[in-house]
Amino acid sequence: NKEQLAHTSSDVKVDYKSVDRAELEFNLGAAKVNIGELATPYMLTAKGTNAHAGIKVESSYRDDKAIIELNTYSRDTISNKSGNIDVSLHPEPNWDLTFNMGAASFTADLTAHKIHNLEVNAGAADLRLKLGLPTIDKTHVEINAAASSTTIQIPRDAACQVETSILFSSKKLKEFI
């Protein structure tokens, strides 16, 4: 059961099909990204605001898993900025999310979603992540960031283990012992 679709625009949607798992890889350059807590009837929606940038989405369904790749690109040879991008995810699947970005402002409220794995790879970025209580056994979060500011909010009742390896950055863990 393999179906693959590709679509390029500043406003993209991936139709929802009932699956247990969904995998998203989002690759972007310089952009301001907001992943809202609001659910969508689609598997994914993404809307860009820069007339000189676009979003390309490729999606396929294999077995009981949706596989989605989202890429931003510039239509302007002078600027490589993608502008503002708003993304919404369907709340039902268990998500494996990978975000690869350069200079970005990235805000994600994932409290309404089931997150299995979350990986963020960033250059000079301002990262703000908000997670809900895990609805599956564990949620694994990995942040690989260079000159970045990272804020992660988790519910007070969530069990959490933090491991860090930080070079040329400071670390503040508020309300951790």
So, using side-chain contact (heavy atoms from CB on, under 4.5 Å) as the criterion, who are the partners of [X] when residues are at least two apart?
X    : value
N34  : D86, T107
T45  : K13, T40, Y42, S88
A104 : L28, M101

Full working for salt bridge (Lys or Arg N to Asp or Glu O under 4.0 Å) between K114 and E92:
CA-CA 7 Å; K114 302 172 200 167; E92 286 303 314; 3.7 Å; yes

Residues in side-chain hydrogen bond (donor to acceptor under 3.5 Å, both in side chains) with [X], at least two apart?
X    : answer
K65  : E23
D96  : R21, H116, N117
S105 : none

To the nearest 0.5 Å, what is the distance between CD1 (I85) and CG (D11)?
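Between I85 CD1 and D11 CG, I get 12.0 Å after rounding to 0.5 Å.
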
Keeping D64 on the side-chain end and D20 on the backbone end, is there a donor-acceptor pair under 3.5 Å?
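Yes; judged by distance alone, with no hydrogens or angles, the pair exists.
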
Under 30°, 30 to 60°, or over 60°: which ring-plane class applies to Y16 and H90, parallel, tilted or perpendicular?
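Parallel.
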
Might you point out which heavy atoms bring L24 and L89 nearest each other, and give the distance in Å?
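Looks like CD2-CD2, 4.1 Å.
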
Should V33 and F26 be marked as a side-chain contact (heavy atoms from CB on, under 4.5 Å) after you check the CA-CA gap, both sets of side-chain angles, and the distance that decides it?
CA-CA 11 Å; V33 176; F26 188 7; 4.0 Å; yes

